[in-house]
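Please read through the structure below; I'll follow up with questions.
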There are 2 protein chains.
Amino acid sequence: MIHTRSQPPSQSQVSVTEPSLRVCVALLRWNGEDLEAAAVHGDHLPATIPTADEALDQTAVRIIRESTGVDAHYLEQLYTFSPSQGGPRQIVISYLALFSPDTAMSPGPGNLTWSLAETTPLEDDLEQLVLEYALVRLRAKLGYTNIAFYLLPATFTLSQLQQTYESILNQAMDKRNFRRRMIASGILVDTGEKRREGSHRPAALYRFREHDDQASYLTPPLLAT
Amino acid sequence: MIHTRSQPPSQSQVSVTEPSLRVCVALLRWNGEDLEAAAVHGDHLPATIPTADEALDQTAVRIIRESTGVDAHYLEQLYTFSPSQGGPRQIVISYLALFSPDTAMSPGPGNLTWSLAETTPLEDDLEQLVLEYALVRLRAKLGYTNIAFYLLPATFTLSQLQQTYESILNQAMDKRNFRRRMIASGILVDTGEKRREGSHRPAALYRFREHDDQASYLTPPLLAT
DNA sequence: TCAAAAGTGTTCCTTCTACACCCATGT
DNA sequence: ACATGGGTGTAGAAGGAACACTTTTGA
């Protein structure tokens, strides 16, 4: 819906402030019997949940909820791997979860939020690969979906929205072009409210218009909703 | 690389001839012990291959080769499902395979090529879902990758290329715009040869310039190549 | 000479990009 | 009054879409 072509770094503004996005990558490991869940980056989750009779994606939803104490605002299956180095074959299904900053995630067994700027290689090659792939997907989807929605609170300013884009793409964008594109896309609704939070002009608060596009983009609809 | 925006049906040419694309959707079913392969549409494959110590994607490559007698020109993992209706949990990893029409696929246990125009619902809901999803992905990737390459012979005419696009998208395109876009994209190389095959002007034969983009688009690089 | 597919340019319009200043507020 | 982030317009470039006729060949 929203088209975001790559824009070369702008001169007029260079400040890419990181708004600490709540992104989480989770792996479901299946050994043929049990499903084990692990959140990538931050600490590994001890959460090990036995197989239940539910769809895979639902298991991911549930495991992430149990791990973070909160429901993911958006969940997308990424890819399925089978890292079988000598040992018995294992199947690992990877997921990307996005959270609204509204939600109070329980500290739990380590904070799941993952700094996009993070570059320290993980011990596990697979986790590193999934993490990088998640970022590729997230960046790509910024261009043709409203996925950024799921990383923002219910109402937000255009600057917040732009910062979200910039921190995911790690690239500064032109303010006027960005705002024009977003408004033109028609997915934003001006709530009429203003946010005043500093010694400067208050910002208009927007919300997203509906969000019925989750299922339709490059990912099959989740089964058995 | 190649941008193909949707174009409304053109008046000047309405003939969308189906060039019988060699597309195959395969499922790997894992019950925890064995992997069972099935090609979707056409007859189900009897091919049942026990677990080997190899990466999942490699298993898919091999199974498709064993089923068709030929290597897929392109293989992409689609999505992973877990259809567990009462029975024991099963994990089904779906793949999309593309073949060059050059290759002589063994008739084997039923022709795997799948008519894109086909609309008869399959008995199996999951297979139907995967089939539709494969088409969504294929269509989407036409717009930003050279994926059509994998459905064409080594050299081809611009008309062949256009027919491939048209039959996948099920939509006629303007000849001049199509050719201009393709040429401008820089991925085509004029071989200098001509193909004469009828009582009409011979067509220039092209080939694709390199094809090093397979791994870079929305799919992680296949592990352990 | 006819049929059949190959090949070729231009115009219009939409969208992207680059770019700089005033506005509203709190201190 | 000043510092801070909010908010705005325009002109040039590039790319997409619509559109029809000539060319080359085999029969």
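What you see is a predicted model; the values in this text were computed from it and never measured. Letters A, B, ... mirror the listed sequences (proteins, then strands); counts begin at 1.
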Check whether the ring centres of Tyr206(B) and Phe156(B) lie less than 6.0 Å apart, and answer yes or no.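 Ring centroids of Tyr206(B) and Phe156(B) are no less than 6.0 Å from each other.
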
Under a 3.5 Å threshold, yes or no: a donor from one side chain and an acceptor from the other, between Arg139(B) and Gln171(B)?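 Their side chains do not contain a donor-acceptor pair, so the 3.5 Å distance test is not met.
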
Among dA6(C), dC23(C), dC19(C), which nucleotide sits nearest the side chain of His200(B)?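 Taking heavy atoms from C-beta onward, the closest nucleotide is dA6(C).
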
For Pro202(A) and for Leu158(B), find the nucleotide of DNA chain C with the closest heavy atom, then tell me which residue's nucleotide is more 5'.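 Mapping each residue to its closest nucleotide by heavy atoms, the 5'-most match is Leu158(B).
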
Taking the six-membered ring for Trp, are His73(B) and Phe149(B) parallel (under 30°), tilted (30 to 60°) or perpendicular (over 60°)?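 Tilted: the ring planes of His73(B) and Phe149(B) meet at 30° to 60°.
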
Counting the atoms with a prime plus P, OP1 and OP2 as sugar-phosphate, which does Ala204(A) contact under 4.0 Å by heavy atoms, base, sugar-phosphate, or nothing?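 Sugar-phosphate, backbone atoms only, no base.
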
May I ask you to decide if Thr164(A)'s main-chain N or O and Ser167(A)'s side chain share a donor-acceptor pair within less than 3.5 Å?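 Between the backbone of Thr164(A) and the side chain of Ser167(A) there is a qualifying donor-acceptor contact (under 3.5 Å).
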
Taking atom P of dA18(C) as reference, at what distance in whole Å does atom NZ of Lys175(A) sit?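 After rounding, the gap between these two atoms is 17 Å.
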
Distance check needed: dT8(C) C1' versus Phe178(B) CZ, whole Å only.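 After rounding, the reported distance stands at 16 Å.
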
Out of dA4(C), dT4(D), dG9(C), which nucleotide sits closest to the side chain of Arg176(B)?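 Shortest atom-to-atom distance from the side chain points to dG9(C).
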
To the nearest Å, give me how far apart CD (Gln171(B)) and C1' (dA17(D)) are.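 Computing the Gln171(B):CD to dA17(D):C1' distance gives 12 Å.
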
Leu188(B) CG - dG7(C) P separation (whole Å):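 The answer, rounded to whole Å, is 12 Å.
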
Between atom CE in Met173(B) and atom P in dG16(D), what is the gap in whole Å?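 So the two atoms are 13 Å apart, to the nearest Å.
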
Is there a side-chain polar atom (N or O) of Arg196(A) under 4.0 Å from OP1 or OP2 of dG26(C)?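 Answer yes for this pair, as a side-chain N or O of Arg196(A) is under 4.0 Å from OP1 or OP2.
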
Base, sugar-phosphate, or nothing for Arg180(A), non-hydrogen atoms under 4.0 angstrom?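 Contact class for Arg180(A): base.
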
Tell me what Arg179(A) touches on the nucleic acid: a base, only sugar-phosphate, or nothing, going by heavy atoms under 4.0 Å.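 Base: the residue Arg179(A), judged by heavy atoms under 4.0 Å, touches a nucleobase.
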
Does Phe99(B) have its ring centroid less than 6.0 Å away from the ring centroid of Tyr74(B)?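 Phe99(B) vs Tyr74(B): aromatic centres not under 6.0 Å.
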
In whole angstrom, give the distance that lies between atom CZ of Arg195(B) and atom P of dA6(C).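 Between P of dA6(C) and CZ of Arg195(B): 10 Å.
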
Tell me whether the side-chain N/O atoms of Ser159(A) come closer than 4.0 Å to OP1 or OP2 in dG6(D).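 Affirmative; the distance criterion is met.
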
From C-beta outward on Asn177(B), which listed nucleotide comes closest to its side chain: dG9(C), dT24(D), dC16(C)?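 Shortest atom-to-atom distance from the side chain points to dG9(C).
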
Take the protein atom CD1 of Ile183(A) and the nucleotide atom C1' of dG7(D), then report the distance between them rounded to whole Å.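 Taking CD1 of Ile183(A) and C1' of dG7(D), I get 11 Å after rounding.
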
Euclidean distance, atom CG of residue Leu205(B) to atom C1' of dG7(C) [Å, nearest integer]: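 In whole Å, dG7(C) C1' and Leu205(B) CG are 15 Å from each other.
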
Toward the 5' end of DNA chain C, which comes first, Lys194(B) or Ser199(B), by nearest nucleotide?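 The 5'-side residue here is Ser199(B).
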
